[in-house]
Colleague: 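This is the structure, below, for whatever I ask next.
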Amino acid sequence: MAKVIGVGGVFFKAKDPDSLGAWYKEWLGVPVEPPYGASFHPEQVPEGGLTVWAPFKADTTYFNPAHREFMFNLIVDDLDGALALVVEGGATLVGDVEDYDYGRFGWFMDPEGHKVELWEPRPVET
């Protein structure tokens, strides 16, 4: 039987795709190459990193204060540094950093009102 083996992309509408792409490139180093966006290759993901696909209930508040039906998560190598950069770039932080055994998380609202989750994974212990 055929089956899904990974997430091939995150696609979303933006009021000004070029400007939003440039913002992510400047403030988070996303390797944006218009008109196709950014590509991340498996070898770039740090040990312990992975992609999660998770439907949420329609009445979830997890995406608040965004008024979107989605939120995306970006893996970062330095959560505190990345959060400082997006604030410098004009983003608004949402909530407090949370720490779990699988990594640390922080959130911000981008220039177009998308809530974005940043994740710094912990290395897998062997």
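Bear in mind the structure is a predicted one, so any value in this text is a computation, not a measurement. In this chain, numbering begins with 1 at the start of the sequence shown.
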Colleague: State, to 0.1 Å, how close Ser39 and Gln44 come at their nearest heavy-atom pair, and which atoms those are.
Modeller: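 Shortest heavy-atom contact: O-OE1, 4.0 Å.
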
Colleague: Kindly say whether Tyr102 contributes a backbone atom to a donor-acceptor pair with the side chain of Trp119 at under 3.5 angstrom?
Modeller: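 Between the backbone of Tyr102 and the side chain of Trp119 there is a qualifying donor-acceptor contact (under 3.5 Å).
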
Colleague: Which distance, rounded to the nearest 0.5 Å, do you find between the CZ of Phe108 and the NZ of Lys115?
Modeller: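 Result: 11.5 Å between the selected atoms.
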
Colleague: Using the rule that two of Ile, Leu, Val, Met, Phe, Trp, Tyr join whenever any of their side-chain heavy atoms come within less than 4.5 Å, decide whether Tyr100 and Val45 are in one cluster.
Modeller: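 Same hydrophobic cluster.
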
Colleague: If you compare all heavy atoms of Val94 against all heavy atoms of Pro65, which two are closest, and at what distance to 0.1 Å?
Modeller: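 Answer, listing the atom of Val94 first, then Pro65: CG1-CD, 3.6 Å.
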
Colleague: Establish whether Val87 and Val97 are linked, either directly or via other cluster members, by ILVMFWY side-chain heavy-atom contacts under 4.5 Å.
Modeller: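 As far as the 4.5 Å side-chain criterion goes, Val97 and Val87 are connected within one cluster.
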
Colleague: State which residue, out of Phe70, Tyr24, Phe63, Trp23, fulfils the ring-ring contact (aromatic ring centres under 6.0 Å, His included) condition with His114.
Modeller: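 With His114 as partner, ring-ring contact (aromatic ring centres under 6.0 Å, His included) holds for just one option, Phe70.
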
Colleague: Looking at Glu33 and Lys25, is there a salt bridge between them, counting it only when a charged N and a carboxylate O are closer than 4.0 Å?
Modeller: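 Looking at Glu33 together with Lys25, the answer is yes, because their closest N to O distance falls below 4.0 Å.
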
Colleague: As an exercise, state the distance from CZ of Phe40 to OG1 of Thr51, rounded to the nearest 0.5 Å.
Modeller: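 The OG1 atom of Thr51 is 10.5 Å from CZ of Phe40, to the nearest 0.5 Å.
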
Colleague: Does the side chain of Leu20 reach to within under 4.5 Å of the side chain of Phe12, using non-hydrogen atoms?
Modeller: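 Yes. Closest side-chain heavy atoms under 4.5 Å.
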
Colleague: Let me check something: do Leu74 and Val32 share a hydrophobic cluster, defined by ILVMFWY side-chain heavy atoms less than 4.5 Å apart, either directly or through other members?
Modeller: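 Yes; tracing contacts between hydrophobic side chains, which count when under 4.5 Å, links both residues.
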
Colleague: So which atom in Pro34 and which in Asp18 form the shortest heavy-atom distance, rounded to 0.1 Å?
Modeller: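 For Pro34 versus Asp18, the nearest heavy atoms are CB-OD1, 4.4 Å.
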
Colleague: I need the Arg68 CZ to Glu112 CD distance, nearest 0.5 Å.
Modeller: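 Answer rounded to 0.5 Å: 6.5 Å.
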
Colleague: Going only through I, L, V, M, F, W and Y residues with side-chain contacts under 4.5 Å, is there a path from Leu93 to Met71?
Modeller: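 Each belongs to a different hydrophobic cluster.
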
Colleague: Indicate the atoms forming the closest heavy-atom contact of Arg122 with Asp101, along with that distance.
Modeller: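 That would be CD-O, 3.3 Å.
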
Colleague: Could you check whether any side-chain N or O of Glu117 sits under 3.5 Å from a backbone N or O of Phe105, counting only pairs where one atom can act as donor and the other as acceptor?
Modeller: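 Answer holds: no.
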
Colleague: For a quick test of reading the model, state the closest non-hydrogen atom pair linking Gly113 to Ala66 and the distance between them.
Modeller: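 Shortest heavy-atom separation between Gly113 and Ala66 comes out as O-CB, 3.5 Å.
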
Colleague: Side-chain contact test, heavy atoms from C-beta onward, threshold under 4.5 Å: evaluate it for Asn73 versus Val52 and give yes or no.
Modeller: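 SC-SC contact between Asn73 and Val52 ruled out.
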
Colleague: Supply the atom-to-atom distance Asp80 CG to Leu85 CG, rounded to the nearest 0.5 angstrom.
Modeller: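 Nearest 0.5 Å value for the CG-CG distance: 11.0 Å.
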
Colleague: How long is the span from the CD atom in Glu69 to the OG1 atom in Thr60, to the nearest 0.5 Å?
Modeller: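 Those atoms lie 12.0 Å apart.
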
Colleague: Between Val76 and Val116, is there a shared hydrophobic cluster once you connect ILVMFWY residues whose side-chain heavy atoms come closer than 4.5 Å?
Modeller: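 The answer is yes; both residues are in one hydrophobic cluster.
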
Colleague: Begin with the C-alpha distance, continue with both residues' side-chain angles, and end with the deciding distance and a verdict on side-chain contact (heavy atoms from CB on, under 4.5 Å) for Trp107 and Glu98.
Modeller: CA-CA 10 Å; Trp107 300 265; Glu98 295 184 14; 3.7 Å; yes

Colleague: Report the C-alpha separation of Leu118 and Leu28 in whole Å, then their side-chain angles, then the decisive distance to 0.1 Å, and conclude whether the side-chain contact (heavy atoms from CB on, under 4.5 Å) test is met.
Modeller: CA-CA 10 Å; Leu118 299 180; Leu28 284 174; 4.3 Å; yes

